[in-house]
Every structure is written in C-alpha cells, then in structure tokens.
Undergrad: 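To start, I am sharing the structure in question, which I have written as structure tokens.
Remember, it's 1-based here, ligands and their atoms both numbered in the order they're listed. Please read all numbers here as calculations on a predicted model, not as lab measurements.
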Amino acid sequence: MKKLILLLSIFTAVTLSACTADEEPIDNTIDCEQFPTHRDCSDDPDPEPMLCDGLGDACIEEVEELLATLTLEQKAAQMIQAERSSITPGQVETYGIGSILSGGGSHPSAYDNTTDEWFAMYEAYQQAALDADAGIPLLYGIDAVHGNNNLYGATIFPHNIGLGAANDAQLMYDISAATAREMLVTGIQWNFAPALSVVQNIRWGRTYEGFSENPIIHDNLTAQAILGYQDLDVIATAKHYFGDGGTSGGVDQGNSVMLSQDVIDIHMAPYIEAVEAGVDTIMISYSSVNGTKMHGSQYWITEILKEDMGFEGFIISDWNAIHQLPGDFEDQIVLSINAGVDMLMEPYDWEQAMQLIVEAVEGNRIDEERIDDAVRRILQIKHKRGLFDDPFRRLDDSHLYSDDHAALARDAVRKSLVLLENDNDSLPLDKNDTIYLLGPGADNVGYQSGGWTRFWQGTEDADLGVGSSILDAFTEVLAANGGTLVNTVAAADTVVVVLAETPYSEGWGDNDNLTLTGGNAHVGNAAALTIAAQAQAAGKNVVGILISGRPLLLEDHLDHFDSFVAAWLPGTEGGAGIADVLFGDYDFHGTLSFTWPATFEQVGYTSNREDYDEMLVQYPFGYGLTYN
Ligand code: BGC
Ligand code: BGC
C-alpha cells in the first residue's frame, strides 16, 4: 500500500506541475527520528510482526498473556471511555481506565489552549494509567474532523462536503496525514474520523460531515482518509455505523428505513472499504435501522460487521448513546455489550458504567468471554499503534500550522470550490478591478470553518489565530496589482456578495428552511441579497459566493448574480484559496457531490435513485463549470 501511495503521489505531482508552476508535493515519508518504533523504521529486513501489525503471533501472545492477568474490574475499566472534564488522573490511576476523550471544544484551558497544555494534560492521564495496577496505557480520543479543530492555531481544512466535491484521493490522504501530525503535537493518537455518512437528506445538520450523497465518492476517498492517519499510527474511526445519513426526513439520530438491499448497499458500502483498509475502530450510530437502535443490534454489529465482514478492531459507542436503549442503565449496558460494543463512550457516567459491567458479568447477563473479546480487541489496537512501546510519543510544534499544512489546506480549498454559474465571463476577476466585497461571510474565518471548530458548535469569532478571510485575501491581491476595494455599489465595477450559514453541528443544524434567508442562514444574507439586486440593476458584474455546510435553495435570488460559487466550509485557508481561483490563478476543479435541489420538495431526491432526472433539479450530482 505504501508503494501505491508513493506512486500516486508522484503521479499527482506530475499532473499537478502541469497546471501549477511551483508546487511541492507534501512529503509523507516517516521520520524515523520522530517515530523510532514505526514498522517502516526497522533495520531488520524481515522484522518480527511488530506492535500487532497485521496482528501477528508475537503480539497476540503478548496480549493474551496480559489479558490473563487482569481481574474482571480491570477488564471493565479497559472498556470505559470518560470525558476529560469528569475524570481526574487520580481516578484513572485508581481504576486503570482504558480511554479518555475530549468532546467538541473540551480544551484543557479556556480558549487559546496551547500544545504544551494539551500535552501536559495528556501526559498526566497517561502516566496515571501506567501507574495503575494493570499498567496499561490509555487511548486519548478526539474529533479532529477537519484538522485538529479543538486546538487553537491548528490548520483547519475544508469540511468533508468540500473534500467530496474535490474528490481527490491523494489530497484526502495528505489531509489525514497532516491532521494526524497536528494531533501528535499534543500527544493524542485517536481520531473519531472519518465520518462515512452517505447523506441522503441535506436538511440533516451533519450533511457537511459527509463526503457525498453517493457512495461512489466514498469509494474513492474512504481508504485514503483512513490510511493517512493510520500510516502515522494515529487510530482512525469509521463513523457512524451505519445508516446515519439515511434517516427519514434527515432527522439527526433518527430512523433509517432500509427496505431493500439497494438502500442497505448505499450505506454499507463505505464500511466495506473501511474494513478492507484495516480501520482500527468503528463508532456506532445513534440512529436506528428499521426501528432498531444500532447500539443494541447484535445482528448489524456482531453478525454482519465482525463475523461476516471480518472487522478485527474494536467498536466504540457514541456519546451517551446507549442511554437511548430500552430499560435501566444496566439493561442498556448488557444490551449494547452483548450486541458487540467493545468500549463505552460514557462521558459522565463512566464510573457507574464500569461497576455495572462487573455486576452484569457476575449476574450472568454478559459472558466473561464477551468481555475478553472486547478487551482483547482494545489491547490489540493499543499494541498495534505502539502505545506499549512509546506512550508519550509527541511531534514537535513545527508541525502545527506548518507551511506545508497551510499550503495543503489552500490547495484543498481551490479544488473543492464548485462554479455553478458564470455568465458574461463574470469570472475570473481582474486583479486591478474595483470591487465592492460585502456580506456576512466576507470577513469571518469562524464562519468559513463551520461547526466542530474550536467548540462543538463552532465559533462566530472571526479570529482563529491563523488563516485569512476572503476580505484579507482580496485586499492583498488587489493591493499588489493596482486594484481597489470600495464601499458602495456605485463606485464598484464588480460586486462580490458572500452569503453564509452560521456555524452549527449535529441536530442544531437540522432545519426545514433551507433558503438563503431562513434556518441556519445568517440574518445578514437578506440585506446582502438586496444589494446584489441593486448592483445587477445598476449593470455591475455581480459575483455570489456561498459559505455553507450544504446546498441552499437559491430561488429567484440567482437571477441577480452573473456568477455563483459554492465554497462549502473551506476553513482557515478559505480566503486565500478562494482568491486564487476567483482571480484566475487556478481553474475550478470541484463538482457537486450532492444534488442541488431547486425546491424544498426535491430535498431527499438523490443521484442514487434509478429514476434520477438531472433536468428536474437546480444542479445535478457531478455538476460543476470550469473556465476552460
Ligand atoms: C458525535 C460523534 C462524536 C462524539 C464525541 C457525538 O455526539 O455524534 O460524532 O465523535 O460525539 O465528540
Ligand atoms: C460534546 C460533543 C458531543 C455532544 C453530544 C457536546 O457537549 O462537546 O463532543 O458530541 O455534546 O451531545
């Protein structure tokens, strides 16, 4: 696989250099000084199966030996994941807890948290785990879903919807690897990513976390998204298994009705890719399939995923998700563990959960064999990823928002933009043009980045410490080329209107009003659209840019624009990347990975349907213009 990736990167480098002069491909080779225990860093031409790579005999034996020494209490503790805000290092040491997470925005310090603060926190928990009687290193998990987005000053990459539009496997690999490095500057080695949701209904607040409505895009990106992390021994999580993107009406955590094999295939396809790629962990979906909560489904978790598909890693439950199962807390624990969940994400109730696992085994409600299977899987992944050899592995700060990572993110923005309209050669813009740039998305890196940025629900703060807004980037280009920014329609030749959604995540983004002025859309869009109409009436060149987590209904507003660009949630390098393409240094490349509906009634009508009619919708799946 390594070779293939190398070949791919050479191939991309060659094709890239054809269109862009001086681009250096990102170097993804392993630095053996930083990763002495990595399997590629051994002098031995035929090294022993190391760190359970491929789960070789040596590792299996070591894990079995360790497992045999553990008490039931210690095993139960390995199956627990607690939230950092509700557990102390002292408690980790008392019980020998298996894992800790930071939920969205759960920083070690209030706001501009530093890598040293993160590492000190990590180190204290890890040392406590090693000091516990069992002495087993813990795993620390985080949602680094578009870069290490909880960390102040990290490179924020476009959210997955933009990467689906770019649909570039090498780019995907490089972004995962860059994210892994920006995680490792804090010591953290487990990422709850990638989301493999095959989103059928864009009213869902998690639409932007998915690559596409059509698994053909997942087919291209899934393995690379996983390998980019795991080649650096950062644990990936395929989530949320399965059908999270198929709920009726696009309701977060809702029910997916899967009456036919076709429908199952759409949502299952990426997991087949993920298991083949050797993904370490899989997170179960809050949602139900045909009325059964996934967290309680032995059929889907054990029979299909573990037995039929041969998944050898471990299963993690979602945040508090088992609390949605029937019965009392012990019933919920029994149901989920017997269904095949190996580790419980119990942010707050972890202590009780741990005790109830023990009681359920003592009460013969869970076989100890099931517990052994769960702990074995967890220990094997800990081995495989080098935790027993180097639990304090850390990369130095030079990787945080490095020039390479910022350049990669900027390239990802260029490739993810989709040109929807371009009448009268509205684009590209002249660098010496006189431009009025306005709208709520024009000068806000927080909006550009969307949910899961700094905080769970994202931030309206325009300053993320790094990156540039569209205004910053336009100012720079125009200043260098004799162009000007002005503040009125009358004074401008070109009017650029940047519309935005405000940040949201999960159910907070579920919404039945997908217009440019309702639901999660920024209230300032209405005034900006009025100015677009005035500019058009005055005969100006009117350019629209939409910063959003999904297609929004453009309605008649579209008539007021000469050109219109879907920019998705491009992240910290959004400004620079958008300017690169709008001023014509790069061509458009992205195509829609989602159908763009013309009316709300069309929401849910996707390219997976046999009767899909491209003519019915505003823009079909796969659509995207270029300059050429
Ligand atoms: C989300 C997961 C996430 C977890 C931990 C849940 O609410 O559904 O995607 O990994 O929280 O933050
Ligand atoms: C956490 C998220 C989590 C969510 C679930 C939030 O408080 O920060 O990580 O996904 O709760 O409701």
Side-chain angles (χ1 to χ4, degrees), residues 80-87 98-108 139-151 159-161 176 179 183 188-199 204-211 225-226 229 234-247 250-254 256 270-271 274 279-288 293-295 313-325 336 341-350 353 450-458 503-510 549:
I80 291 296
Q81 182 179 66
E83 218 287 333
R84 57 157 281 283
S85 61
S86 73
I87 190 165
S99 181
I100 299 194
L101 90 150
S102 271
S106 182
H107 316 130
L139 296 176
Y140 200 110
I142 200 161
D143 297 275
V145 298
H146 60 151
N148 189 2
N149 42 248
N150 285 296
L151 170 64
H159 265 299
N160 282 347
I161 192 169
S176 288
T179 301
M183 288 171 63
I188 290 175
Q189 70 292 95
W190 181 5
N191 195 356
F192 305 133
L196 300 179
S197 325
V198 191
V199 183
W204 189 30
R206 305 193 81 159
T207 297
Y208 64 79
E209 293 187 60
F211 297 127
I226 291 166
Y229 301 122
V234 164
I235 296 167
T237 304
K239 72 183 188 185
H240 311 81
Y241 180 81
F242 85 103
D244 57 344
T247 62
V251 172
D252 190 44
Q253 308 188 4
S256 297
Y271 290 94
V279 72
D280 287 341
T281 70
I282 295 182
M283 190 186 291
I284 301 302
S285 179
Y286 281 115
S287 58
S288 305
K293 279 273 171 203
M294 282 304 306
H295 277 84
F314 72 86
I315 301 281
I316 173 108
S317 58
D318 202 345
W319 177 280
N320 269 336
I322 68 164
H323 297 253
Q324 297 184 14
L325 295 174
S336 57
V341 173
D342 300 309
M343 184 182 278
L344 300 175
M345 189 191 290
E346 280 299 319
Y348 311 119
D349 301 324
W350 56 270
W452 295 106
T453 307
R454 224 115 145 227
F455 302 100
W456 180 42
Q457 292 297 324
Y504 53 82
S505 71
E506 302 189 39
W508 293 38
D510 277 17

Undergrad: Can you give me the closest heavy-atom contact between His323 and Glu346, atom names plus distance?
TA: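 Taking every non-hydrogen atom into account, NE2-OE1, 2.6 Å.
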Undergrad: Consider every N or O of Asp143 and every N or O of ligand 1, then say whether any pair is closer than 3.5 Å.
TA: yes
Undergrad: Establish, for the pair Lys239 and Trp190, whether the NZ or CZ atom is under 6.0 angstrom from the six-membered ring centre and no further than 45 degrees off its axis.
TA: no
Undergrad: Would you say Ser197 and Asp244 are linked by a side-chain donor-acceptor pair, where the criterion is simply a distance under 3.5 Å?
TA: yes
Undergrad: Counting from 1, what ligand 1 atoms have a heavy atom of Phe192 closer than 4.0 Å?
TA: 10 (O)
Undergrad: Which atoms of ligand 1 have any heavy atom of Met283 under 4.0 Å away?
TA: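 Selected atoms, number and element: 2 (C), 10 (O).
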Undergrad: Kindly say whether Glu209 contributes a backbone atom to a donor-acceptor pair with the side chain of Asn160 at under 3.5 angstrom?
TA: yes
Undergrad: Numbering the atoms of ligand 1 from 1, which are under 4.0 Å from a heavy atom of Trp319?
TA: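 Selected atoms, number and element: 6 (C), 7 (O), 11 (O).
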Undergrad: Indicate, as side chain, backbone, both or neither, the part of Trp456 found under 4.0 angstrom from ligand 1 when only non-hydrogen atoms are considered.
TA: neither
Undergrad: Cut-off 3.5 Å, side chains only: do Gln253 and Ser287 have a donor facing an acceptor?
TA: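 Absent: no donor and acceptor within the cut-off.
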Undergrad: Under a 4.0 angstrom heavy-atom cut-off, which atoms of ligand 1 come close to Lys239?
TA: 2 (C), 3 (C), 9 (O), 10 (O)
Undergrad: Looking at side-chain heavy atoms only, is the closest gap between Thr281 and Ile235 below 4.5 Å?
TA: yes
Undergrad: Closest by any non-hydrogen atom to atom 4 (C) of ligand 1: pick that one out of Ile142, Asn320, Asp318.
TA: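 Looking at heavy atoms only, Asp318 sits closest to atom 4 (C) of ligand 1.
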Undergrad: In ligand 1, which numbered atoms sit nearer than 4.0 Å to a non-hydrogen atom of His240?
TA: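 Result: 2 (C), 8 (O), 9 (O).
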Undergrad: Any non-hydrogen side-chain atom of Arg84 less than 4.5 Å from a side-chain atom of Tyr140?
TA: yes
Undergrad: Heavy atom under 4.0 Å from ligand 1: found in Arg206's side chain, backbone, both, or neither?
TA: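 Within the 4.0 Å criterion, Arg206 contacts ligand 1 through side-chain atoms alone.
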